[in-house]
Structure formats: C-alpha cells, structure tokens
There are 2 protein chains.
Amino acid sequence: MMTVSDFEQRRNDILEAVIEVYVTTASPVGSELISRKLRENLSPATIRNIMAELEEAGFLEQPHTSAGRVPTDRGYRYYITSLMEAMRLSAEESGRLGEAIQVLQQLEAEAYFHRVSDMLSKLSGQAAFVIAPTVKHTTVRQIELVPVGTHRLLCVLVGQEALVASHMVEVHEPLNRDEVGAVAHFLNAELVGLPTQEWLSSLERRLLAVNDSLYYLVKRSLYILQVVLATEPEERFFIEGLFNLFAAPEARRDPHKVQQLFDYLDAPDLLRELIRQDLAREGTRVRIGQELGLSGVEDWSYVLSPFRHHQAVVGGIGVLGPKRMDYRRTRALTEHMAQLVSLTMARWEAGAEA
Amino acid sequence: MMTVSDFEQRRNDILEAVIEVYVTTASPVGSELISRKLRENLSPATIRNIMAELEEAGFLEQPHTSAGRVPTDRGYRYYITSLMEAMRLSAEESGRLGEAIQVLQQLEAEAYFHRVSDMLSKLSGQAAFVIAPTVKHTTVRQIELVPVGTHRLLCVLVGQEALVASHMVEVHEPLNRDEVGAVAHFLNAELVGLPTQEWLSSLERRLLAVNDSLYYLVKRSLYILQVVLATEPEERFFIEGLFNLFAAPEARRDPHKVQQLFDYLDAPDLLRELIRQDLAREGTRVRIGQELGLSGVEDWSYVLSPFRHHQAVVGGIGVLGPKRMDYRRTRALTEHMAQLVSLTMARWEAGAEA
DNA sequence: CATTAGCACTCATGGTATATGAGTGCTAAC
DNA sequence: GTTAGCACTCATATACCATGAGTGCTAATG
C-alpha cells in the first residue's frame with residue numbers, strides 16, 4: 001500500500017531522472033533507461049504509466065509517438081523550483097575559484113568584470129554575462145582633467161570601489177594649462193562626495209547666480225560634465241564565451257537559432273532590459289525558454305544571481321545557455337560567483353590588502 | 001592566330017572568372033557558367049581545355065571527377081598578386097565611412113579601436129581585428145595617482161594620441177594623501193617626456209645614488225611603475241564579429257573548423273604573433289589558407305593593413321574570414337579603414353577640433 | 001590549328017522503397 | 001499496484017536507382 005506522498009515522491013523522482021538524463025544526452029529519454037537509472041526496481045512498464053501521467057500534467061512531452069520523453073518548460077520550471085536540491089561546489093573547486101578572484105580583484109573594475117564573466121563562461125561551458133555598475137552609481141573620489149592636444153580633454157572619474165571612467169571631451173575654445181587646472185580644482189572642490197545624479201543640477205543652480213565670480217569656470221565645467229555623463233552608460237554589460245552557444249547540439253541542428261539570440265543581445269532594450277528587471281528581485285532567478293517572453297529564443301535560458309554591496313543589489317552575474325542545461329551546477333556556480341563578487345565589492349571599499 | 005600574351009590573358013581571365021564566381025556561389029564552378037559569364041564567346045569545350053591547363057598548373061582543382069573547379073591556395077595567391085585590380089569604394093560609401101570615423105575619433109583610444117573593428121566587421125561581414133599600440137609605445141603626457149582605499153592606488157597614464165592606461169596597484173604599506181601627492185609630483189617631474197622603456201632603468205639609476213634625499217620617493221615610485229608596466233600589455237588586440245565566421249557555408253558544414261580557429265585566436269603567440277610579424281612588412285598583406293602555417297585552419301584567410309603615425313607603422317587592422325572571401329572588396333575596405341585610422345592618429349596628435 | 005559539337009563516362013545528389021529498432025500504449029496475468 | 005507480452009508507430013538507416021551536372025576525349029569544322 002502506498003501513501004499519497006509516496007505517489008508524489010515517485011512522480012517527482014522520475015521527472016527529475018528524466019531531466020537529468022536528458023540534460024546530458026540531449027535525446028529523448030525512454031522508460032527503460034529510467035528504470036535502470038532509478039534504484040527502485042520499477043519495470044519499464046510502470047515507468048511508462050507514470051511518464052504518461054507526467055505528460056498529462058504538462059511536465060513532459062513526446063517529439064513523436066514512438067520517441068522517449070523530453071521535459072517541457074513547465075517541467076524544467078517545476079524541477080528547478082521544487083525538485084532540484086542545491087548543489088555545493090567541492091571544497092577543492094570553491095577554493096580554486098576563491099583564489100582566482102583574489103587575483104582578479106587587484107584589477108580595476110572594468111578589467112575585473114571582464115575577467116569574471118570570462119571565468120564563469122569557462123566554468124559553465126556556456127556564455128556568461130555581468131551587469132556591472134558604473135561610476136554613475138557611486139560618489140566620485142576624484143576628478144582628473146588631462147589636456148590632450150589643444151582642443152581635447154581627457155576626463156577621468158574615479159569612483160568608489162574600483163570604478164573608473166575616462167572620456168574624451170572636445171572643447172570648442174582651447175584651454176591653457178592654468179585654466180584646466182582651475183577647472184579641475186573647481187570640480188573636485190564642488191562635486192566630490194556628491195552623487196553624480198545631482199552634479200548637473202548643482203552646477204546649473206550656481207550658474208543662475210550670474211554675478212558669481214566663477215561664472216566662467218562653472219560654465220566650462222558644466223559643459224565637460226554634460227559630455228562625460230552623457231557618454232557614460234547607466235551600467236556595463238559584459239558577455240563572454242558566446243561561441244560556446246554554437247557547441248550545443250540543438251544549435252548545430254539549427255544555427256539560425258543562435259543568430260536570433262545574438263540579435264536580441266545586440267539590442268540593449270530587450271534581453272538586457274529583462275535581465276535588468278530580474279535583478280530588482282531578490283535572489284537567483286532562472287528564466288526558461290518561453291519565460292524570456294521573446295519570440296525566437298524559446299530554446300534558451302539564463303540563470304542570474306545579483307551581487308550586493310551594503311545589502312543593496314548593485315549588479316548581477318549570470319549564465320546564458322540552451323534550455324537543456326545543467327541548472328543544478330549552473331545555479332551553484334552562478335551563486336557562488338555572485339557571492340565572491342559581493343565579497344570583492346566589500347574588499348574594494350575597505351581598500352584592504354590581500 | 002593568337003599571340004602568347006593573348007594566350008596568357010585568356011587563362012588569366014578564366015581563372016579570375018572562376019574565382020569570382022566561386023566566391024559568391026560557394027560551389028564548384030563549371031565550364032558552361034564561365035562560358036556564359038565571359039563575353040568572349042568561347043564554347044564550354046574551350047573553357048574546359050583551359051581549365052584543365054589551369055588545373056595542371058596548380059591553380060584550380062576538382063573536388064571529384066564530375067564536379068566543377070575550385071581555386072587552390074595557389075590560385076588565390078596568383079589572383080591576388082597578379083590579377084585582381086584595386087577596387088575603389090564608391091564616393092558614397094567612402095563618404096559614409098569618413099563621417100563615421102569622424103564621430104568615433106572623439107572617443108579615447110580603447111573605445112575608438114573597439115568601435116573601428118566593429119565597424120570593419122560589419123562592413124565586411126566577417127570578423128575584423130585591430131592591433132593597436134598601448135601607452136608603452138608613446139611618451140607619456142601625464143601620470144595621475146588616485147588613492148583608492150588605504151592600500152590601493154589607481155595609476156593613470158595618459159600617453160600621446162588618445163592612449164590611456166589605468167591600473168590598480170596594491171601597496172603593502174599605506175600611503176597618506178601627501179605622500180601620494182609627492183610621489184605623483186615626482187613621477188611627473190622625472191618621467192614625462194621620457195620613453196616608457198627607459199623609465200625603470202632611469203629610476204634604478206637614481207636608486208643607486210643611495211644618499212639621494214628622495215630615496216623613499218624613488219623606491220615607492222619604482223614599485224608602482226613596475227606593477228603598472230608589467231600589467232600593461234605590449235599591444236592591444238581587438239576582434240569583433242567572430243560569430244560571422246559561423247555564417248559561411250563551409251563553417252556550417254563543419255563547425256569544428258571554427259572551433260579550431262578560435263583556439264588559435266585564444267593563444268596570444270600563434271595567430272596573433274603571425275599578424276604581428278606581418279605588420280612589420282610594408283603594405284597590405286594577405287594570408288591564404290596554408291600560408292597561415294598553422295594546421296587546422298587551412299580554410300581561413302586574413303587581409304591586414306598597417307596604419308601609420310609619422311610614417312612609422314604603429315598598428316594594423318584586418319579582416320579574418322573564410323579562404324573563399326571577396327578579397328577585392330575586403331582589401332579595399334581594409335586599406336581604406338587603415339588610411340582613416342592613420343588620419344585619426346594625426347588628428348589626435350594635432351588635438352584638433354572636428 | 002585553334003575551336004567546338006558530340007558523346008561516353010563519372011559520380012555526387014536526391015528520391016523512393018524497405019528494413020530496423022527504439023519506444024510506446026494497452027491488455028491481461030500476476 | 002505491478003508487469004510481462006504484444007501490436008503498433010514512426011524516425012532513422014540502408015539500399016537501390018534515376019538524374020543530371022560536369023568532365024575528357026575524339027573527330028569534324030572554318
């Protein structure tokens with residue numbers, strides 16, 4: 001006699017087994033394989049009955065009558081939210097990752113995030129991305145102006161953590177060395193410690209006090225900052241290991257699918273916007289196939305973990321790959337990396353030594 | 001009666017026609033197609049005779065007996081060096097490119113080169129790369145040190161043109177603000193205008209004069225520069241549009257070939273080293289298939305044009321794609337872009353306004 | 001004597017028919 | 001409730017053949 005929960009339990013075990021096998025073989029899974037894989041000594045016939053139920057319930061489907069079963073998006077969803085238990089990385093692996101990050105965090109932010117996404121891409125064997133904050137989200141420590149030729153200035157903003165932005169500004173009227181020095185001094189005195197969002201309004205307010213003796217300085221400063229802030233993006237998007245996406249068997253069968261994904265990645269307001277929104281929610285987020293809400297990329301998924309600084313979410317790191325991916329390992333990796341990045345943020349603030 | 005040169009001429013015309021057709025169709029070219037394409041009213045039979053000669057001579061080959069002909073590496077080589085006449089971009093197109101560059105050259109160097117290779121990649125429909133100089137190859141205009149936390153310094157080097165390098169340096173003993181200022185002042189006074197290659201030896205020489213009152217400064221400066229110069233690469237390698245390489249029919253047939261190419265691109269000392277060497281020679285250089293000298297990438301080619309500053313070659317820009325590529329257009333594009341980049345170098349130096 | 005029409009020949013490609021077998025659902029026995 | 005047995009389905013593989021694009025050779029042509 002079986003209890004209801006035994007019943008449930010077995011359905012779950014079988015769904016889990018199907019998914020895990022499918023993820024590695026990439027071809028529909030039959031009842032016999034599962035029968036052998038599960039140690040419960042159930043005959044293929046029994047498995048078939050349960051698989052039929054799972055299909056009824058919308059967790060599995062058959063490509064055609066005489067084929068094995070393949071998980072549906074709903075199947076993956078249920079697996080991920082209810083079945084899949086967290087995976088811990090081996091002490092050995094997590095040690096290696098920690099050391100690698102240790103080395104990387106000596107770089108400045110851009111190089112760091114670049115290498116971090118490269119690292120996650122290699123670990124997961126998929127494409128990996130990072131959404132990172134820019135100086136716009138911090139208060140700036142220092143502003144440097146370096147004249148380059150007669151009509152150009154390099155403006156370097158050094159923010160909190162290891163964030164740096166450098167932008168060229170073309171000025172219509174040439175500046176001599178003293179003027180540049182004066183502008184730089186003014187900018188630092190006036191703006192350091194102030195959130196970048198308030199910079200322009202603060203300077204504009206000063207500009208209204210027309211008889212300010214610094215009118216000229218303010219005006220030039222304002223122009224420079226307008227250019228710099230317009231050029232600097234809201235956040236940086238790094239993505240590495242894109243060509244891993246061609247390696248999946250499903251991509252080989254139809255390379256056009258990869259192309260479509262690439263098209264979405266190029267546009268900043270579709271996939272990236274979705275990722276940005278998912279960041280707002282707490283915790284790791286998995287988007288599977290249709291859940292991306294974009295037509296043409298139903299065969300892809302991503303796993304995304306936010307990283308934090310002072311509790312607040314400041315960015316995210318994730319893996320992008322075929323829907324048929326090893327979510328267990330991918331989530332473990334992504335979360336672990338996100339945690340390491342969070343640690344880096346703290347370390348950067350402390351300015352500590354290794 | 002035909003003269004010998006008529007004879008030669010016709011062979012050349014046919015080789016050229018075969019290559020041009022093959023490049024667009026990607027399938028072996030038969031005699032009838034050529035007969036119709038050439039306006040000389042030669043029958044397919046005659047064409048066949050000449051094609052047989054061309055095969056004899058090693059310029060063409062047949063995949064199998066009953067197929068048309070395909071150019072060999074030698075065929076391409078002869079076509080490129082002796083047959084192919086230079087192509088001029090249309091005034092309209094070259095105008096567009098000029099305007100686009102105009103906009104880009106307002107960026108600082110890294111962003112500029114990045115966008116330039118992106119541009120060439122889109123124009124050519126292939127992958128495009130840039131080898132760009134770094135601050136190591138210029139004299140530095142200014143050196144900035146910004147303390148970040150207690151144990152870290154951001155060191156920004158602003159070189160000639162729009163070259164910028166910023167690197168984090170971890171210092172074991174904390175520096176207070178005054179010390180940082182002193183070091184920065186010392187560095188600027190001592191090193192600006194001096195080629196970076198001489199920096200370390202110059203400082204080391206000073207260090208030997210032990211009773212120098214600035215001993216402490218020199219020592220700290222030396223350490224900082226050692227880290228910065230070790231971190232800064234000799235040159236930057238940008239490559240964009242890699243996924244275009246999957247689009248070629250030959251790549252679809254065997255995606256493994258693309259993988260092999262990627263492997264070579266990852267290693268800095270094989271393909272990139274070859275490109276670096278090719279830069280040393282004057283003028284545009286084309287490497288076809290086996291000429292790359294690397295096994296596994298016989299189906300790929302690149303076209304590379306150096307760009308100059310004050311006559312000297314300071315970098316290069318190129319296109320990487322399947323051996324079966326439109327060399328005529330690719331070379332025209334690459335050379336044109338190289339010229340535009342050379343102009344940018346001059347413009348940057350002048351520091352001029354748009 | 002270069003050119004070309006004619007023709008037999010080759011061989012990759014594509015289509016059709018058939019065989020195979022993995023996997024299924026159902027039924028009846030355990 | 002489980003499962004052995006079995007008929008059934010259908011994608012895939014294999015064999016076979018027809019097609020036709022393209023060839024090289026030969027002999028006729030101007």
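Reminder, nothing fancy here: chain letters follow the sequence lines and each chain counts from 1. Note that the structure is a prediction, hence the values are computed from the model and not measured. Scope of the values below: all heavy atoms of this structure, side chains included, with no hydrogens, waters or symmetry mates.
- Crowding of B:Gln277 atom CD: a count of heavy atoms from other residues, nucleotides or ligands under 6.0 Å exceeding 12.
- Atom-to-atom, CG of A:Asn49 to C1' of C:dT27 comes out at 12 Å; the value is rounded to the nearest Å.
- Per the geometry, CG belonging to A:Leu33 stands 12 Å off P belonging to C:dA22, to the nearest Å.
- Regarding B:Ile47, its CD1 atom lies at a distance of 18 Å from the P atom of D:dA21, rounded to whole Å.
- OP1 or OP2 of C:dA22 has not a single side-chain nitrogen or oxygen of A:Arg69 nearer than 4.0 Å.
- The nearest whole Å value for the distance from the CD atom in A:Glu56 to the P atom in C:dT24 is 16 Å.
- In this structure, B:Tyr327 contributes its side chain and B:Tyr76 its backbone to no donor-acceptor pair below 3.5 Å.
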Exercise. Taking protein heavy atoms under 4.0 Å as touching, what does nucleotides 7-13 of chain C look like 5' to 3' if B marks base contact, S marks sugar-phosphate-only contact and - marks none?
Worked result: ---BBS-
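- Checked against the 6.0 Å centroid threshold, A:Phe243 and B:Phe243 do not count as a close aromatic pair.
- Rounded to whole angstrom, the span from the CD1 atom of A:Ile14 across to the P atom of D:dT2 amounts to 10 Å.
- Looking at the side chain of B:Ser31, the nearest of the listed nucleotides D:dT23, D:dT3, C:dT24 is D:dT23.
- Within the nucleic acid shown, A:Gln62 comes within 4.0 Å of sugar-phosphate atoms alone, with no base atom in reach, counting heavy atoms only.
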For this session: Under the salt bridge (Lys or Arg N to Asp or Glu O under 4.0 Å) rule, what do B:Arg77 and B:Glu291 come out as? Steps first, then yes or no, please.
Result: CA-CA 10 Å; B:Arg77 167 52 56 208; B:Glu291 296 177 3; 2.7 Å; yes
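- To the nearest angstrom, P of D:dG22 lies 18 Å from CD1 of B:Ile50.
- Rounded to whole Å, atom C1' of D:dT2 lies 13 Å from atom CG of A:Asn41.
- In this structure, A:Phe59 and A:Tyr78 have parallel ring planes: the angle between them is below the 30° cut-off, well short of the 60° mark.
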Is there any protein nitrogen or oxygen under 3.5 Å from a nitrogen or oxygen in nucleotides 26-28 of chain D, and what are the pairs?
none

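- Side-chain contact of A:Gln9 with A:Asp13: a donor-acceptor pair under 3.5 Å is present, judged by distance alone.
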Could you tabulate the donor-acceptor pairs under 3.5 Å formed by side-chain atoms of residues 29-36 of chain A, not counting sequence neighbours?
from: A:Ser31; atom 1: OG; to: A:Arg48; atom 2: NH1; distance (Å): 3.3
from: A:Ser35; atom 1: OG; to: A:Leu42; atom 2: O; distance (Å): 2.7

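- Between A:Ser305 and A:Thr284, the side chains place a donor N or O and an acceptor N or O closer than 3.5 Å (distance only, hydrogens not considered).
- A:Phe129 and A:Tyr302 have perpendicular rings, their planes meeting at more than 60° on a 0 to 90° scale where under 30° would count as parallel.
- When rounded to the nearest whole Å, the span between CD of A:Glu32 and P of D:dT3 equals 14 Å.
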